[in-house]
Amino acid sequence: MSAAQGIGVGEQQQLEDDQHDSGSSAPTQPGRRRATPYLLLLPGMAWLTIFFILPIATLLSTSTQTRPEGAEIGVYTQTFRVANYTDTLSEYATVFARSFTYALIATVLALAISYPLAYAIAFKVGRWRNLLLVLVVAPFFVSFLLRTVAWKQILADEGWVADALRTLHVLSPDGRIINTAPAVVIGITYNFLPFMILPIYASLERVDPRLMEAAGDLYANALTTMRKVTFPLSLPGVVAGTLLTFIPAAGDYVNSALLGDPVHTTMVGNVIDSRFLKVVDYPTAAVLSVSLMVSILVLVGLYIRRAGTEELV
Amino acid sequence: MAAPAETGGRDLRLERVTKRFGTFVAVDDLSLTIPSGSFFALLGPSGCGKTTTLRMVAGLEEPTAGTILIGDDDVTNAKPYKRPVNTVFQSYALFPHLDIFENVAFGLRRRGGKQIKAQVDEALELVELGGMARRKPAQLSGGQQQRVALARAIVNRPAVLLLDEPLGALDLKLRRQMQIELKRIQTEVGLTFVHVTHDQEEAMTMADTIAVMNGGHVEQMGGPADLYESPQTTFVANFLGQSNLIRAAVSGKSGDDLVLEVHGQKVAMPAARRASGTDDLLIGVRPEKIQLAQPGESTEGFGSNALPGGVVTDASFTGVSTQYLVRMPWGQELMVFAQNLGAAGLLRPGSKVDLHWDPAHTFALDGSLDANAGVAHEGATPVPVG
Amino acid sequence: MSKMRRWLGRNAIRIYAVIAFAYLFVPVAYTLAFSFNDSGKSNIAWRGFTLDKWKNPCGAPDVCPALGNSLKIGVLATLIATVLGTMIAFALARHRFRGRTATNLTIFLPMATPEVVLGASLLALFLNLKINLGFNTIVIAHVMFCISFVVVTVKARIAGLDPRLEQAAMDLYADEFQTFRRITLPLVAPGIAAGALLAFSLSFDDFIITNFNSGSVNTFPKFIWVSSLRGIPAQANVIASAMFFLALIAVLVGQAVTAGRKKQKA
Ligand SMILES: Nc1ncnc2c1ncn2[C@@H]1O[C@H](COP(=O)(O)OP(=O)(O)OP(=O)(O)O)[C@@H](O)[C@H]1O
Ligand SMILES: [Mg+2]
């Protein structure tokens with residue numbers, strides 16, 4: 001198609017494009033209405049515009065508001081005070097850093113747990129594959145709050161895990177797990193595991209086992225085969241899984257609230273929650289939300305770029 | 001029988017049809033008339049526009065220019081479901097969620113026909129799948145799926161049935177079997193079949209008329225024997241079977257025969273078999289029409305055309321025949337198939353031979369054509385033409 | 001000794017898998033076990049086995065109304081999100097239009113935004129517009145974050161559809177609507193069902209976004225959150241365990257059915 005024809009091409013050209021680009025089935029018909037895609041998009045996109053984009057815009061606007069002198073609690077006016085950002089971010093820098101650290105550690109742990117498990121299910125269990133796959137997802141049929149509460153019980157001071165670790169002298173006699181950073185990280189790791197396992201499994205499943213045999217045939221040992229063949233081929237699953245774990249992990253506050261300590265393990269989510277719902281300090285909550293969203297998007301963008309161009313090893 | 005049953009006598013006509021994809025011309029000013037009730041084959045190398053032509057007839061692609069007529073109805077812009085045309089897709093495209101019966105009944109139901117069950121049963125009997133009506137497509141073998149696809153199309157008694165390499169996915173044996181079956185069904189139901197294929201043997205055995213396509217246009221159209229014996233272009237001569245094409249110049253006439261000069265030798269051919277008015281010609285002889293004689297050997301009963309001085313460079317025994325490559329004094333290698341009659345012994349490479357053939361087996365093409373057109377498809381190396 | 005080591009080497013990954021499964025199931029085992037705990041108000045320490053809580057799952061105050069709300073919200077949000085998401089998926093998979101990039105971005109962003117931000121921003125909007133929080137605002141929020149997941153799931157299924165099937169239908173006298181109704185829709189249906197199931201489980205289990213936008217309306221996750229401060233009644237464990245078994249059985253039956261079909265084909 002010549003470039004000169006541009007976007008405003010005639011109906012016919014448009015339809016031809018349509019067919020070849022998307023492998024669409026519909027034959028070229030001069031009568032087909034161009035309005036159809038827009039009608040299909042309208043309700044859903046309207047919903048997302050009003051209840052997602054507009055709220056984000058509202059959040060942006062709230063983030064630069066201030067409370068007028070002597071006004072009631074919860075009343076803010078727009079003053080475009082960009083300094084809200086510097087003020088808030090310097091105050092909560094450690095909380096931010098902590099959130100991303102926890103999320104990063106949890107993502108790495110989840111990857112370490114999920115990859116071998118997905119690999120075993122994909123290649124090592126034969127006809128038990130489908131059943132085990134169901135078992136992997138099954139725990140997540142239980143309400144996630146209850147599972148987190150269960151961790152609270154498991155990791156409790158008088159629980160068997162703490163007892164065992166004390167006996168093994170890993171933990172000092174008055175040491176504890178609950179209300180510490182490791183407890184929060186354990187909870188977060190656990191919470192988002194299926195988001196890691198399923199995409200990795202899906203991409204491993206598509207790897208032809210004969211490719212691994214071929215690599216073995218070409219003098220690659222098990223480790224080299226893994227590094228040079230299996231892992232690169234499953235990379236799309238790994239990228240998807242790490243993103244699906246990292247994003248919710250960075251914004252989580254339930255694990256920190258239930259398994260952590262109100263001061264030392266506070267995450268951004270906790271602050272947003274309490275600023276918004278308890279302290280009614282909307283601008284601060286908005287600044288934190290916007291910053292969290294933007295930093296996640298930037299990180300995700302960088303990560304996808306790197307994963308897309310290099311081998312990510 | 002449903003309405004389109006009375007479509008007897010409606011020819012399919014394509015008039016100056018062109019299809020462009022962007023700037024690429026897939027079908028170039030194509031005109032064809034396919035008589036009603038005939039078995040028509042479209043033959044040609046990959047990418048020559050066969051599928052595109054079929055899709056335009058089916059209504060799945062719209063011509064950039066030109067007209068498509070069925071009988072007197074202009075269907076150029078009609079939607080696919082408004083045409084008395086059905087397609088047997090190359091990949092069958094059976095509906096995976098419907099059983100065999102429902103697949104075959106699909107078209108009848110859409111048109112609100114009556115006695116659907118009787119018609120479907122009849123169609124399934126015709127393709128010998130009577131007992132499989134309640135199976136799902138995935139439970140059938142490739143050949144059975146292919147027959148369902150066929151039944152699903154012919155049950156509608158379309159004016160024209162389009163078959164896009166329907167046998168492409170089958171193994172050789174099943175393929176031969178299905179060819180016979182297709183031909184039988186076509187004779188039985190009397191529909192117009194337009195059959196697309198890569199396989200020239202398939203086209204030759206099945207079709208009444210073959211159109212050889214190349215680069216979006218029809219090179220030549222005619223009966224199988226006609227195309228084989230009298231190709232009009234070098235492409236057809238090389239694409240259908242194999243040909244020895246030799247440079248020649250007209251040097252005179254003798255009665256109904258044309259006298260030609262070929263690298264210093266005189267050969268003759270019937271003037272009527274000359275396809276080009278130019279004096280510079282490429283004459284063609286099929287390899288199986290040539291007989292070999294060693295110098296001094298009796299040539300009694302051999303054709304009167306002779307080219308002496310050849311040397312056998314290669315001989316390969318294939319069972320029914322022996323295929324020789326003979327290098328001629330002007331450097332060109334010609335192909336000769338000698339039937340295995342048991343009498344004559346094998347000629348060893350290096351043997352000196354003369355070539356003989358009947359003048360009536362000669363055809364003559366325009367000398368400015370590319371002598372190697374259409375060769376590559378057999379994987380043969382282009383022969384230098386002297 | 002070396003025999004043992006070789007065995008370990010060969011089975012290392014299986015042993016690892018067993019340990020990983022243990023990690024996955026310990027909290028579930030706790031949740032199940034404590035549904036049988038003869039506890040009082042709080043359900044933290046083991047007090048002995050009883051079936052009482054299973055016999056009377058609505059025994060604790062507020063549990064069942066909260067569960068009812070969650071189910072109602074889940075069904076409604078799933079319905080709306082599935083319809084809207086499926087329409088978008090068809091537009092994206094089958095049509096060419098201006099603004100495709102913007103559409104894709106709008107679908108992707110909610111999935112890349114942490115739940116706190118989604119919840120907080122929606123609350124900011126509702127506060128600004130002075131909209132009362134309650135059942136409706138929860139449904140609005142749930143539909144919003146479920147749409148993207150439905151779009152992604154359904155779009156993948158449409159993309160996997162052989163376009164020749166629809167062409168064959170049209171060739172066999174089905175017009176656009178009949179083709180859609182008889183061929184496209186039945187073949188895309190498993191994708192739509194998967195999207196709907198995903199939407200329902202996301203909605204049913206959502207706490208963070210709900211907590212921002214629910215006002216005084218209670219949901220099952222919210223009930224657990226609130227009572228986790230003073231002690232969760234064992235009835236919550238009963239309900240969670242029952243849902244766990246129901247889901248498990250549904251999935252296993254589904255698998256058995258597809259496996260049976262495959263065998264039939266072979
Ligand atoms: N949708 C399309 N967009 C662009 N080019 C196309 C399209 N469809 C076909 N073509 C081009 O048109 C030409 C003819 O294609 P067509 O499918 O008709 O070939 P064919 O003769 O059926 O070949 P084959 O024997 O390999 O099936 C090819 O060069 C092909 O690349
Ligand atoms: Mg083709």
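Chain naming here is simple, since letters A, B, ... match the order of the sequence lines and numbering starts at 1 in each.
- For A:Leu193, the part lying near chain C is the side chain, with the backbone staying farther off; criterion is any non-hydrogen pair under 4.5 Å.
- The OH atom of A:Tyr38 sits 7.0 Å away from atom CZ of C:Arg98, with the distance rounded to the nearest 0.5 Å.
- Counting heavy atoms from C-beta outward, A:Thr58 and C:Ser121 have side chains that stay 4.5 Å or more apart.
- Contact annotation for A:Ala250: neither backbone nor side-chain heavy atoms come within less than 4.5 Å of a heavy atom of chain C.
- Across all non-hydrogen atoms, the minimal contact from C:Ala112 to A:Ile296 is O-CG2, 3.8 Å.
- Taking the side chain as every heavy atom from C-beta outward, A:Val142 and C:Met243 never approach each other to under 4.5 Å.
- Among A:Val254, A:Leu288, A:Thr62, A:Val300, the residue making the largest number of heavy-atom pairs under 4.5 Å with chain C is A:Val254.
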**Report entry** Candidate pair A:Met45 and C:Ile107, rule side chain to side chain contact (heavy atoms under 4.5 Å, CB included), full reasoning
**Finding:** CA-CA 9 Å; A:Met45 291 314 284; C:Ile107 301 296; 4.2 Å; yes
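- The two residues C:Met144 and A:Leu48 have their closest heavy-atom pair at O-CD2, 3.6 Å.
- Within the 3.5 Å criterion, the main-chain N or O of A:Phe144 finds a donor-acceptor partner in the side chain of C:Asp205.
- Interface residue C:Leu122: backbone and side-chain heavy atoms are both found under 4.5 Å from chain A.
- Atoms CG and NZ, from C:Asn11 and A:Lys124 in turn, are 9.5 Å apart once rounded to the nearest 0.5 Å.
- Looking only at side-chain heavy atoms (C-beta outward), A:Thr36 and C:Phe97 stay at 4.5 Å or farther from each other.
- Neither the backbone nor the side chain of A:Pro248 comes within contact range of chain C; no heavy atoms are under 4.5 Å apart.
- Atom CH2 of C:Trp46 has more than 12 neighbouring heavy atoms from other residues, nucleotides or ligands inside a 6.0 Å radius.
- Counting heavy-atom pairs closer than 4.5 Å to chain C, the top residue among A:Val290, A:Leu297, A:Ile247 is A:Ile247.
- With a 4.5 Å cut-off on side-chain heavy atoms, C:Thr113 and A:Leu292 do not count as touching.
- Note: C:Pro110 leads C:Pro110, C:Ser148, C:Ala17 in heavy-atom pairs under 4.5 Å with chain A.
- With a 4.5 Å cut-off on non-hydrogen atoms, C:Thr103 touches chain A through its backbone and its side chain both.
- A distance of 6.0 Å separates CZ of C:Phe207 from CG of A:Leu145, quoted to the nearest 0.5 Å.
- Between A:Trp151 and C:Tyr23, the two ring planes are tilted [angle within 30° to 60°].
- Counting heavy atoms from C-beta outward, A:Phe52 and C:Ile147 have side chains that stay 4.5 Å or more apart.
- Of the two parts of A:Thr189, the backbone and the side chain both hold a non-hydrogen atom closer than 4.5 Å to a non-hydrogen atom of chain C.
- Heavy-atom distances place both the backbone and the side chain of A:Ile186 under 4.5 Å from chain C.
- From C:Leu109, atom CG reaches atom CE of A:Met293 across 5.0 Å, with rounding to the nearest 0.5 Å.
- Of the listed residues (C:Trp225, C:Phe145, C:Phe90), the greatest number of heavy-atom pairs within a distance under 4.5 Å of chain A belongs to C:Trp225.
- At a 4.5 Å heavy-atom cutoff, C:Leu229 makes no contact with chain A through either its backbone or its side chain.
- Taking non-hydrogen atoms and a 4.5 Å limit, the residue list of residues 131-141 of chain A in contact with chain C, ordered by number, reads A:Leu131, A:Leu132, A:Val134, A:Leu135, A:Val136, A:Ala138, A:Pro139, A:Phe140, A:Phe141.
- If you measure heavy-atom distances from A:Ile154 to chain C, the contacts under 4.5 Å come from both the backbone and the side chain.
- Heavy-atom pairs under 4.5 Å with chain C were tallied for A:Pro55, A:Gly251, A:Ala57; the largest tally goes to A:Pro55.
- Per-residue counts of heavy-atom pairs under 4.5 Å with chain A were compared for C:Tyr16, C:Phe34, C:Phe126, C:Phe204; the largest is that of C:Tyr16.
- Residue contact with chain A, scored on non-hydrogen atoms closer than 4.5 Å, involves the backbone and the side chain of C:Val26 alike.
- At least one donor-acceptor pair under 3.5 Å links the side chain of A:Tyr190 to the backbone N or O of C:Leu24.
- Between A:Tyr282 and the choices C:Leu123, C:Asn128, C:Leu127, the side-chain contact (heavy atoms from CB on, under 4.5 Å) rule is met once, by C:Leu127.
- For C:Met87 against A:Leu39, the heavy-atom pair with the smallest separation is CE-O, 3.9 Å.
- Note on C:Thr31, C:Val251, C:Leu32, C:Ile140: by heavy-atom pairs under 4.5 Å with chain A, the leading option is C:Ile140.
- Between chain A and the residues C:Asn237, C:Val28, C:Val143, the largest count of heavy-atom pairs under 4.5 Å involves C:Val143.
- Residue C:Phe21 holds its CZ atom at 12.5 Å from CD1 of A:Ile113, rounded to the nearest 0.5 Å.
- With a 4.5 Å cut-off on non-hydrogen atoms, C:Ile19 does not touch chain A at all.
- For chain A, the nearby part of C:Ile232 is the side chain; its heavy atoms alone come within less than 4.5 Å.
- Of all heavy-atom pairs between C:Pro27 and A:Arg147, the closest is CB-O, 4.0 Å.
- Only the side chain of C:Gln255 comes within less than 4.5 Å of a heavy atom of chain A; its backbone N, CA, C and O stay farther away.
- Looking only at heavy-atom pairs under 4.5 Å with chain A, the residue among C:Asn211, C:Thr86, C:Ile239 that has the most is C:Asn211.
- Here the side chains of A:Asp252 and C:Val116 are not in contact, with every heavy-atom distance at 4.5 Å or above.
- The shortest distance between side-chain heavy atoms of A:Ile53 and C:Thr106 falls below 4.5 Å.
- Between A:Ile272 and C:Ala120, the shortest heavy-atom contact is CG2-CB, 4.1 Å.
- C:Tyr30 is not listed as a side-chain neighbour of A:Leu146, based on a closest heavy-atom distance of 4.5 Å or more.
- Rounding to the nearest 0.5 Å places CD1 of C:Ile13 at 10.0 Å from CD1 of A:Ile121.
- Heavy-atom minimum distance, A:Ser289 versus C:Val117: O-CG2, 3.7 Å.
- When heavy atoms are compared at a cutoff of 4.5 Å, C:Val83 does not approach chain A at all.
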